[in-house]
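What's counted below: heavy atoms across the whole structure, side chains too, no hydrogens, waters or symmetry copies. The sequence lines fix the lettering, A, B, ..., with proteins before strands; numbering per chain opens at 1.
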Amino acid sequence: MSASAISAPSGEPQRVTRFAPSPTGELHLGNARTALFNLLLARNAGGRFLLRIEDTDAERSLDSYTTALMADLRWLGIDWDAGPDREDERGPYRQSQRGTLYAQQFAVLERQDVLYPCFCSPPELELSRRAQLSAGKPPRYAGTCRDLTPAERARRQAQGLAATLRFRVPRGERVTFVDFVHGPQSFLTDDIGDFVVRRADGSAAFFFSNAVDDAFMGVTQALRGEDHLTNTPRQLLILAALGLAAPAYGHVSLIVGADGTPLSKRHAAVSLREYRERGYQPLALANHLFRLGHSTPLHGLLTLAEMARAFDAAHLGRAPSRFEEQQLGVWQKEAVHHLSADAARAWLAPLLPVGLDERVTDAFIAALLPNVVLPEDARPWVDIVFGGPPALEPAVEEVVRNAGAGYFSAAAAAAARSGNDLSAIADAVRAATGRQGAALYMPLRAALTGRAHGPELAPLLRAMPAGKARERLARFA
RNA sequence: GCUCCCUUCGUCUAGAGGCCCAGGACAUAGCCCUCUCAAGGCUGUAACACGGGUUCGAAUCCCGUAGGGAGCGCCA
């Protein structure tokens with residue numbers, strides 16, 4: 001669905017959402033879901049979706065992560081109206097390139113005296129935090145530099161001490177807002193310590209750059225992880241001091257593992273890359289994510305466009321959602337079964353022997369697709385169908401032994417006559433032995449594949465190179 | 001420690017005082033179909049964390065308890 005397929009109700013400002021990752025690692029499930037939800041939230045109202053890279057931490061941010069992030073998002077089917085590779089007048093979309101704007105806004109705040117330089121060193125701050133914690137108190141900034149006189153500030157500056165800029169949080173006030181997922185929220189400013197808005201190296205800190213960018217980029221709805229909920233008052237304070245409009249904030253619960261603890265490598269693969277490499281379909285992942293912490297009356301595999309139409313922020317969950325790979329597997333199976341012939345070929349091609357005839361390839365895939373969830377499920381069948389005669393697994397040894405020589409000589413003869421036509425072979429065996437049902441088919445399956453279970457025999461046989469079937473049947477004659 | 005968030009079947013969830021001895025989907029069990037598996041059809045098992053209130057009536061409102069999570073960073 002294109003952004004213009006649904007137009008915003010006239011008179012209402014266009015909805016703008018964003019995904020704002022920091023390029024300090026691989027895109028993981030939680031972030032991918034946040035991105036998806038924001039995309040859907042925008043598209044649902046015919047709005048715009050932005051991608052902003054929060055790379056203010058020069059030490060940890062890597063360009064390669066940004067590139068990978070964008071590739072992962074696109075793989076999932078998420079595309080943005082504006083972003084680092086699609087700049088517009090609200091950009092640039094990399095925070096590392098927005099220093100001028102931040103400097104202007106710092107100046108606005110400095111004029112109001114809501115900012116003050118803090119000369120405390122990281123070790124000092126760490127010490128203070130630890131002391132407070134062990135005294136059973138909240139580890140907040142102690143306010144050491146809050147009320148320095150101009151002379152004291154000048155003296156420290158003269159010593160060459162690098163200063164951060166802190167936000168002077170007012171005392172005794174209450175910050176309220178309506179979280180569009182959780183409802184009304186209220187925080188006391190006395191519980192909030194003065195926080196850093198500009199680092200000693202001059203770069204903008206998260207609370208500041210994130211809030212300012214949302215305002216200047218015209219973001220109307222910021223849907224993010226619940227870990228940001230208690231930080232929201234700080235950002236509201238900044239925006240209020242700047243006289244900028246805040247977006248509506250909504251916080252989705254975190255994704256947890258099967259045991260209810262925060263999702264980690266211990267539970268499952270957490271990066272999108274791993275799922276992609278294991279052969280998961282992007283649509284499978286999107287469908288699972290769509291229903292994780294979000295509910296819809298719709299059943300079955302949905303396209304991104306359908307998800308956008310059905311997305312409803314009112315049905316965003318407040319409780320943490322457990323990520324279970326088994327559930328993802330259900331969507332994966334659905335997605336695989338819905339694969340077009342071309343897509344299925346592309347999906348399984350890496351497993352197939354090179355130089356295979358196109359018709360054989362297609363027959364093989366058609367036979368196998370209903371029985372596989374991941375490419376690895378198809379792997380053994382490549383050998384069974386295209387390799388040498390398969391050894392019998394123990395479960396079917398007796399099936400073959402009990403069939404009797406007449407069974408297989410009839411089968412082999414039919415195979416020689418009619419090629420890999422299952423019904424011709426079955427007819428011949430039926431005529432020769434009088435068998436029917438499982439007694440008729442199981443020895444064929446066993447001799448042909450070595451296994452008791454597998455894809456349907458007729459299509460599988462069509463994929464098998466000529467002569468192979470006859471050879472396999474003849475070996476028990 | 002302080003502040004905040006959360007708690008309905010195994011899982012994702014519906015539910016905004018009577019429509020709920022709680023509905024759906026997936027998972028799971030049984031049956032049917034069937035050469036096996038898968039698919040499909042039918043049937044079933046299965047949950048309001050706990051304790052107090054308020055009310056004629058509570059999954060829904062209030063208080064508390066327990067458990068889980070987040071934040072309190074010159075990380076985002």
Side-chain angles (χ1 to χ4, degrees), chain A residues 20-25 54-57 59-61 95 118 120-122 125-126 129 132-141 162-166 179 181-182 185-188 190-193 195-203 205-207 209-210 224-234 251 253-254 256 258-262 288 290-300 314-315 317-324 326-327 329-331 333-334 337 369-373 395-396 422 426 436-446 449 451-458:
Chain A
S22 64
T24 54
E54 307 223 325
D55 54 353
T56 57
D57 184 349
E59 298 225 336
R60 299 201 309 161
S61 296
Q95 288 190 326
C118 170
C120 300
S121 70
L125 293 169
E126 181 54 34
R129 259 192 300 277
Q132 294 180 79
L133 232 25
S134 61
K137 291 198 294 196
R140 284 198 283 271
Y141 178 62
T164 62
L165 238 34
R166 282 186 190 269
D179 183 298
V181 176
H182 289 273
Q185 304 292 315
S186 169
F187 293 86
L188 256 16
D190 290 356
D191 290 323
I192 304 170
F195 52 91
V196 170
V197 292
R198 193 180 73 189
R199 303 188 186 98
D201 66 3
S203 62
F206 167 77
F207 292 130
S209 54
N210 179 268
R224 31 146 62 161
E226 204 180 76
D227 46 338
H228 290 293
L229 181 56
T230 52
N231 288 153
T232 305
R234 286 161 230 264
H251 295 89
S253 61
L254 271 15
V256 298
D259 59 358
T261 63
H288 190 226
F290 179 65
R291 289 160 171 98
L292 211 52
H294 175 257
S295 65
T296 176
L298 269 31
H299 297 151
H315 279 97
R318 286 158 291 275
S321 333
R322 295 179 190 229
F323 177 84
E324 299 213 330
Q326 187 210 25
Q327 293 291 330
V330 173
W331 293 113
K333 193 194 282 182
E334 278 275 301
H337 292 176
L369 211 57
N371 277 64
V372 300
V373 173
V396 296
L422 181 67
Q436 50 189 337
L440 171 62
Y441 286 95
M442 276 313 282
L444 288 177
R445 171 175 292 281
T449 70
R451 298 192 171 196
H453 305 300
E456 277 189 61
L457 221 36

I'd like a table of atom pairs between the protein and nucleotides 2-8 of chain B - only N or O on both sides, under 3.5 Å - with the distance next to each one.
from, atom 1, to, atom 2, distance (Å)
B:C5, O3', A:H182, ND1, 3.0
B:C5, O2', A:E226, OE2, 3.0
B:C6, OP1, A:H182, ND1, 3.3

Please list, pair by pair, any protein nitrogen or oxygen found under 3.5 Å from a nitrogen or oxygen in nucleotides 9-11 of chain B.
from, atom 1, to, atom 2, distance (Å)
B:G10, N2, A:Q327, NE2, 3.1

Between [atom2] on [N] and [atom1] on [X], what's the gap in Å once rounded to a whole number?
X	N	atom1	atom2	result
A:L133	B:G73	CG	C1'	12 Å
A:I192	B:G71	CD1	P	15 Å
A:K333	B:C37	NZ	C1'	10 Å
A:F206	B:C72	CZ	C1'	14 Å
A:F290	B:U13	CZ	C1'	13 Å

*Closest-nucleotide ordering on RNA chain B, the 5'-leading residue of A:E334 and A:G317*: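 The residue mapped nearer the 5' terminus is A:G317.
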
*Any chance the side chains of A:R445 and A:T449 put a donor and an acceptor closer than 3.5 Å?*
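The answer is no; no qualifying pair exists.
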
Given [options], which nucleotide is nearest the side-chain atoms of [X]?
X	options	value
A:T56	B:A76, B:A39, B:C74	B:A76
A:R291	B:G1, B:C12, B:G69	B:C12
A:L254	B:C75, B:C74, B:G69	B:G69

*asked:* Under 4.0 Å, counting only non-hydrogen atoms across every strand here, what does A:R198 touch: a base, just sugar-phosphate, or nothing?
replied: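 No contact.
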
_Mutual orientation of the aromatic rings belonging to A:H228 and A:H251 [parallel < 30°, tilted 30-60°, perpendicular > 60°]_ =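 Ring orientation of A:H228 relative to A:H251: tilted.
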
Table of protein N/O atoms under 3.5 Å from nucleotides 33-35 of chain B N/O atoms:
from, atom 1, to, atom 2, distance (Å)
B:C35, O2, A:R445, NE, 3.3
B:C35, O2, A:R445, NH2, 3.3

